[in-house]
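What follows is a single structure, written as structure tokens, with notes after it.
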Amino acid sequence: MAKKNIFTDAFGTPYFLKRFIIFILGVVSYRRFNGFNKLKITGTEHLVDLPDSNVLFVSNHQTYFADVAAMYHAFCAVNNGYLNTIKNPIYLLNPKIDFYYVAAEETMNKGILPKIFKIAGAVTVKRTWRAEGKTVNRMVDLTEVDNIMKALDNGWVATFPQGTTSAFAQGRRGTAKLVKNQRPIVIPIKINGFRRAFDKKGLRVKVTGVKPTMEFKAPLDIDYDNEKAPEILLKIMTAIEQTEDFNVLHNYDEELKAKKLEQKDSNN
């Protein structure tokens, strides 16, 4: 596996360039999280004593870029001793540079801004089930898996197990298999309110006065020797509150159907 050095990260990107891009994107996005809307961050105390590598953050997903941008703010703040707050953006001068995030290749290749985001730390993958808005069925590219493992060997990585911004979508088994094989420290992140505050891409403020939330939870307790991938995936999806048990609308619809059926039976 390739290793970072004092000048470049594990993928050969110069650190000075990453620092510059993270600083600029942080300055541009700051008012979105502490101006137009007020981002509430909790649980960053769980990040303080983490090792510098082999840490995997698993999160639900609501926009293409705002979710990741908020994570950068939170990680950079913690890197400078600020817990559960982003009120002092001086932290952008000393960013968390060995942070990577898994993103769909087709998303990161559309337009100039996504390509700039990509330099900041994207590890791109091709979706095996969907491409260009169509359903596909293709094999996993093992080179992409190697790249994620390389990122974990050299820093922190954030991934979105559902692979989509749709709420309560099924989690992908690839995340659980990666956890099983790589044995990282797994930190769940639960986000909320991003879909309401921003457009789908997360680049435009849709509504002001919203208070999006980002909750970092304690590391998952995983028995890597005995737990199987499906068990690990369920544990992840439960931690980020994306199982059907958390779907209030689903429960409401099911209750409504049951009541209608009960009324129909009583009328008969």
Side-chain angles (χ1 to χ4, degrees), residues 2-34 39 41 44 47 50 52-59 61-80 82 86 89-126 144 146-160 163 165 184 187 189 191 194 198-205 212 214 216:
K3 291 288 184 182
K4 61 187 178 183
N5 57 51
I6 61 173
F7 300 109
T8 65
D9 70 8
F11 298 93
T13 304
Y15 277 136
F16 79 87
L17 181 59
K18 290 187 73 171
R19 288 179 180 275
F20 177 73
I21 289 175
I22 293 170
F23 175 79
I24 295 299
L25 292 177
V27 169
V28 171
S29 64
Y30 183 72
R31 287 196 66 197
R32 287 167 166 78
F33 301 117
N34 197 37
L39 176 65
I41 303 173
T44 55
L47 313 185
L50 291 176
D52 292 332
S53 63
N54 208 32
V55 177
L56 182 69
F57 295 87
V58 290
S59 176
H61 202 20
Q62 294 192 341
T63 71
Y64 291 167
F65 300 111
D67 309 9
V68 173
M71 288 179 194
Y72 268 107
H73 278 283
F75 293 147
C76 292
V78 171
N79 197 49
N80 289 273
Y82 300 107
I86 58 168
I90 194 172
Y91 55 73
L92 293 171
L93 294 173
N94 181 35
K96 176 73 175 175
I97 51 177
D98 286 314
F99 166 62
Y100 306 90
Y101 60 96
V102 180
E105 185 179 81
E106 61 180 90
T107 300
M108 304 309 296
N109 288 333
K110 292 180 179 178
I112 297 297
L113 194 56
K115 290 179 179 178
I116 294 174
F117 262 103
K118 185 176 179 180
I119 297 172
V123 180
T124 58
V125 297
K126 294 182 287 292
E144 296 172 348
D146 286 342
N147 285 338
I148 298 174
M149 293 175 67
K150 183 193 296 185
L152 278 170
D153 282 340
N154 291 275
W156 293 0
V157 177
T159 189
F160 305 95
T165 57
I187 306 288
I189 305 174
I191 65 170
F194 285 73
F198 307 102
D199 65 345
K200 187 173 183 178
K201 289 184 177 180
L203 300 176
R204 182 175 61 84
V205 175
M214 176 170 284
F216 293 88

Result block: side-chain N/O donor-acceptor pairs under 3.5 angstrom for residues 20-29, not counting sequence neighbours:
| unit_1 | atom_1 | unit_2 | atom_2 | d |
| --- | --- | --- | --- | --- |
| S29 | OG | L25 | O | 2.8 |
| S29 | OG | G26 | O | 3.4 |
| S29 | OG | H73 | NE2 | 2.9 |

- Message: Applying salt bridge (charged side-chain N to carboxylate O under 4.0 Å, His left out), can you list everything that pairs with K18, at least two apart in sequence or on another chain?
- Response: D9
- Message: Holding to side chain to side chain contact (heavy atoms under 4.5 Å, CB included), I want the full list of residues that pass it with T165, two or more places apart in sequence or in another chain.
- Response: H61, Y64, K200
- Message: Show the nearest heavy-atom pair for residues E144 and T124, with the distance to one decimal.
- Response: CG-O, 3.9 Å
- Check side-chain hydrogen bond (donor to acceptor under 3.5 Å, both in side chains) between D199 and all other residues, then give those that pass, not counting sequence neighbours. none
- Minimum heavy-atom separation for D153 to S53, with atom names? O-CB, 3.6 Å
- Item | Residues that D67 engages under salt bridge (charged side-chain N to carboxylate O under 4.0 Å, His left out), provided they are two or more places apart | none
- Note on the structure: Residues at least two apart in sequence or cross-chain that pass side-chain hydrogen bond (donor to acceptor under 3.5 Å, both in side chains) with N79, listed by chain then number, are none
- Contacts of N34 meeting side chain to side chain contact (heavy atoms under 4.5 Å, CB included) (sequence neighbours excluded), chain-then-number -> Y30, K38, I86, K87
- Looking at residues at least two apart in the chain, or sitting in another chain, which of them share a side chain to side chain contact (heavy atoms under 4.5 Å, CB included) with T8? N5
- Query: Restricting to pairs with a member in residues 24-34, which pass salt bridge (charged side-chain N to carboxylate O under 4.0 Å, His left out), not counting sequence neighbours?
  - Reply: none
- Item | side-chain hydrogen bond (donor to acceptor under 3.5 Å, both in side chains) partners for N147, two or more places apart | none
- Message: Could you work out, with side chain to side chain contact (heavy atoms under 4.5 Å, CB included) as the rule, every residue matching A158, not counting sequence neighbours?
- Response: F57, M71, F99, Y101
- Among all residues two or more places apart in sequence or in another chain, which pass the ring pair (Phe, Tyr, Trp, His ring centres under 6.0 Å) test with F117? F65
